Peer 1: 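The following block contains the structure, expressed as structure tokens.
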Amino acid sequence: MKYWQVEDMIKIAILGLGTVGTGVAKVVAENHRQIERKLGEPLEVKAILVRHFKDGPYRQLMTDDFSQIEEDPEIRVVVETIGGMEAAYEYTKRALETGKHVVTANKQLVSERGWELLRLAKKKNVNYLFEASVGGGIPVIHPLTQCMVANRIDEIYGILNGTTNYILTRMVRTGAFFSDALREAQAKGYAEADPSADVNGIDAGRKICILADLAFGQQVDPDSISVEGISKLSLRDVKVAARAGYRIKLLGRALRMPGGGRTAYVAPHLVPEDHPLANVEDVYNAVVIRGNATGDVLFYGKGAGELPTASACVSDVIEAMQRSAKREEAGWNGDTDGFVDPLEAATRFYFRIEGSLTDAAMAFGQVEVLSEDGETGFLTDRITGREAREHSRSLNVLSCLRVLE
């Protein structure tokens with residue numbers, strides 16, 4: 001039997017003991033044999049930063065003083081799961097400055113300050129890894145930055161938020177109104193008491209920014225993208241779409257534009273029912289990456305939750321300890337030049353108007369009619385968002401959605 005000495009054990013700290021932090025502690029404990037085989041030595045949680053001490057299995061590991069973690073030379077990796085910006089940013093910088101690897105699930109921090117923290121990590125010869133910030137347990141960042149590195153990435157799009165996908169699934173399956181489906185999601189723990197970041201598209205917006213940053217190599221400011229959620233979506237549109245062979249999904253999209261620019265946005269889309277994303281339901285997520293060599297590559301799985309997200313965090317811990325110093329750190333620069341207004345992106349649009357087919361045709365020319373019963377639902381030809389806005393000014397628009405082509 002082999003006995004490990006203290007110096008033969010990798011020790012980590014967890015910042016925060018919420019859903020993800022608790023999950024990380026569980027994964028380290030429950031999967032210790034597999035992790036040890038992969039690393040060649042055991043992995044142990046030495047400290048957990050909390051605001052308030054509470055009884056439980058991790059009581060002896062708790063501290064409310066980050067300096068104890070910062071100054072402990074045995075702690076080699078810090079897993080940041082506290083979320084938000086101010087404290088997470090401060091603690092991440094301090095950990096990197098002292099030569100510790102940092103792993104995070106914090107999509108807001110990565111989307112807003114990731115380029116800066118990656119630069120600091122490179123300077124200190126450590127890793128800043130964030131697989132769990134997009135897609136929860138779905139491995140998408142590593143394949144994007146390593147497996148598809150020989151490709152020019154032309155587009156990334158997908159279902160990036162499990163809460164909104166669950167709500168839309170219930171609206172399709174049961175005919176529930178948005179408000180009723182939201183209450184059901186909250187009752188099952190799929191939606192927060194304040195669901196605004198999810199249903200208004202903010203969460204998906206941060207995630208698509210991270211993917212765009214990595215795909216295109218430049219910062220996409222979350223404040224510069226257009227974000228539209230599902231809170232104004234009508235059950236009427238869900239039914240019209242279903243009869244016409246579509247499902248409505250909230251998609252984040254990042255595109256390489258003609259001329260070399262890039263854009264990104266979040267909005268509800270009509271997705272053809274034979275498209276793989278149309279059948280991604282409940283709290284599942286899916287991301288499509290389009291490379292010029294590979295074509296479309298689909299990643300699918302549970303996008304959130306305690307153990308799926310924790311799994312991605314612990315995988316990053318393992319990668320941080322194994323990463324070759326010769327391998328270039330995935331990242332991007334802070335230059336925001338070249339970002340194109342999402343209104344310049346072209347697609348077909350779905351409109352539902354209070355008016356006749358004649359009204360629609362006068363505004364848009366040739367249209368594809370989906371419904372005519374007091375209100376008119378129709379699809380336009382492929383146009384830019386700006387053209388859609390201009391042509392619809394004369395109409396009484398009840399709904400406007402993009403179409404995934």
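Model, not experiment: these values are computed from the prediction. Heavy atoms only: backbone and side chains are in, while hydrogens, waters and symmetry mates are out.
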Peer 1: Would you say the side-chain atoms of D198 pair up with the backbone N or O of T164, donor to acceptor, closer than 3.5 Å?
Peer 2: no
Peer 1: Are the side chain of T309 and the backbone N or O of V20 linked by a donor-acceptor pair below 3.5 Å?
Peer 2: no
Peer 1: Can you list everything that forms a ring pair (Phe, Tyr, Trp, His ring centres under 6.0 Å) with F299? Sequence neighbours excluded, please.
Peer 2: none
Peer 1: Taking the six-membered ring for Trp, are F364 and F351 closer than 6.0 Å centroid to centroid?
Peer 2: yes
Peer 1: Side chain to side chain donor-acceptor pair (under 3.5 Å) for E116 and Y89? Distances and angles first, verdict last.
Peer 2: CA-CA 10 Å; E116 174 191 341; Y89 177 64; 2.3 Å; yes
Peer 1: Please check this pair: side chain of N165 against backbone of L250, looking for a donor-acceptor N/O pair closer than 3.5 Å.
Peer 2: no
Peer 1: Answer yes if the side chains of T63 and D65 hold a donor-acceptor pair under 3.5 Å, and no otherwise.
Peer 2: no
Peer 1: Passes salt bridge (charged side-chain N to carboxylate O under 4.0 Å, His left out), D282 versus R173? Steps please.
Peer 2: CA-CA 10 Å; D282 295 322; R173 282 184 185 172; 3.5 Å; yes
Peer 1: Taking R348 for the side chain and D381 for the main chain, is one N or O donor matched with an acceptor at less than 3.5 Å?
Peer 2: no
Peer 1: Please check: side-chain N/O of T81 versus main-chain N/O of L15, any donor-acceptor pairing under 3.5 Å?
Peer 2: yes
Peer 1: Nearest 0.5 Å please: distance from the CG atom of L270 over to the CG atom of L404.
Peer 2: 9.5 Å
Peer 1: Testing the 3.5 Å rule here: is there a donor-acceptor pair between the side chains of T336 and D221?
Peer 2: no
Peer 1: Is there a donor-acceptor pair closer than 3.5 Å between any side-chain N or O of N292 and the backbone N or O of R152?
Peer 2: yes
Peer 1: Any donor and acceptor pair, going by atom type alone, linking the side chain of T104 with main-chain N or O of F130 inside 3.5 Å?
Peer 2: no
Peer 1: Counting only heavy atoms not in E192, do more than 12 fall under 6.0 Å of its CD?
Peer 2: no
Peer 1: Y284 pairs by ring-ring contact (aromatic ring centres under 6.0 Å, His included) with which of Y166, Y190, Y300?
Peer 2: Y300
Peer 1: Examine distances only and state if a side-chain atom of E387 and a backbone atom of T384 form a donor-acceptor pair shorter than 3.5 Å.
Peer 2: yes
Peer 1: Going by atom type alone, with no hydrogens or angles, which donor-acceptor pairs under 3.5 Å involve a side-chain atom of residues 203-219 and a protein atom two or more places apart or on another chain?
Peer 2:
{"from": "D203", "atom 1": "OD1", "to": "K107", "atom 2": "NZ", "distance (Å)": "3.4"}
{"from": "D203", "atom 1": "OD2", "to": "N161", "atom 2": "ND2", "distance (Å)": "2.9"}
{"from": "D203", "atom 1": "OD2", "to": "K207", "atom 2": "NZ", "distance (Å)": "2.9"}
{"from": "K207", "atom 1": "NZ", "to": "L160", "atom 2": "O", "distance (Å)": "2.7"}
{"from": "D213", "atom 1": "OD1", "to": "V220", "atom 2": "N", "distance (Å)": "2.6"}
{"from": "Q218", "atom 1": "NE2", "to": "D335", "atom 2": "O", "distance (Å)": "3.4"}
{"from": "Q218", "atom 1": "NE2", "to": "D335", "atom 2": "OD2", "distance (Å)": "3.4"}
{"from": "Q218", "atom 1": "NE2", "to": "D337", "atom 2": "O", "distance (Å)": "3.1"}
{"from": "Q219", "atom 1": "OE1", "to": "W332", "atom 2": "NE1", "distance (Å)": "2.8"}
{"from": "Q219", "atom 1": "NE2", "to": "S111", "atom 2": "O", "distance (Å)": "3.0"}

Peer 1: Between K249 and L277, what is the shortest heavy-atom contact and its length?
Peer 2: CE-O, 3.6 Å
Peer 1: On a heavy-atom basis, which atom in A320 and which in L129 lie closest, and how many Å separate them?
Peer 2: N-CD1, 3.8 Å
Peer 1: Where do V27 and A310 come nearest, in terms of heavy atoms and distance?
Peer 2: CG2-CB, 3.9 Å
Peer 1: Kindly compute the distance separating OG (S179) from CD1 (I167), expressed to the nearest 0.5 Å.
Peer 2: 10.0 Å
Peer 1: Ring centroid separation for Y350 and Y246, is it under 6.0 angstrom?
Peer 2: no
Peer 1: Is a side-chain donor or acceptor of E36 paired with a backbone partner of L39 at a separation under 3.5 angstrom?
Peer 2: no
Peer 1: Considering all heavy atoms of both residues, which atom of S133 and which atom of I141 are nearest to each other, and what is their separation?
Peer 2: OG-CD1, 3.9 Å
Peer 1: Which heavy-atom pair separates A286 from V280 by the least distance, and what is that distance?
Peer 2: CB-CG2, 3.7 Å
Peer 1: On the 0 to 90° scale, with breaks at 30° and 60°, tag the H269-Y265 ring pair as parallel, tilted or perpendicular.
Peer 2: parallel
Peer 1: Counting N and O atoms only, with roles assigned by atom type, does the side chain of S311 sit under 3.5 Å from a partner on the main chain of L307, one being a donor and the other an acceptor?
Peer 2: no
Peer 1: M148 and I153: which non-hydrogen atoms are nearest, and at how many Å?
Peer 2: CE-CD1, 4.1 Å
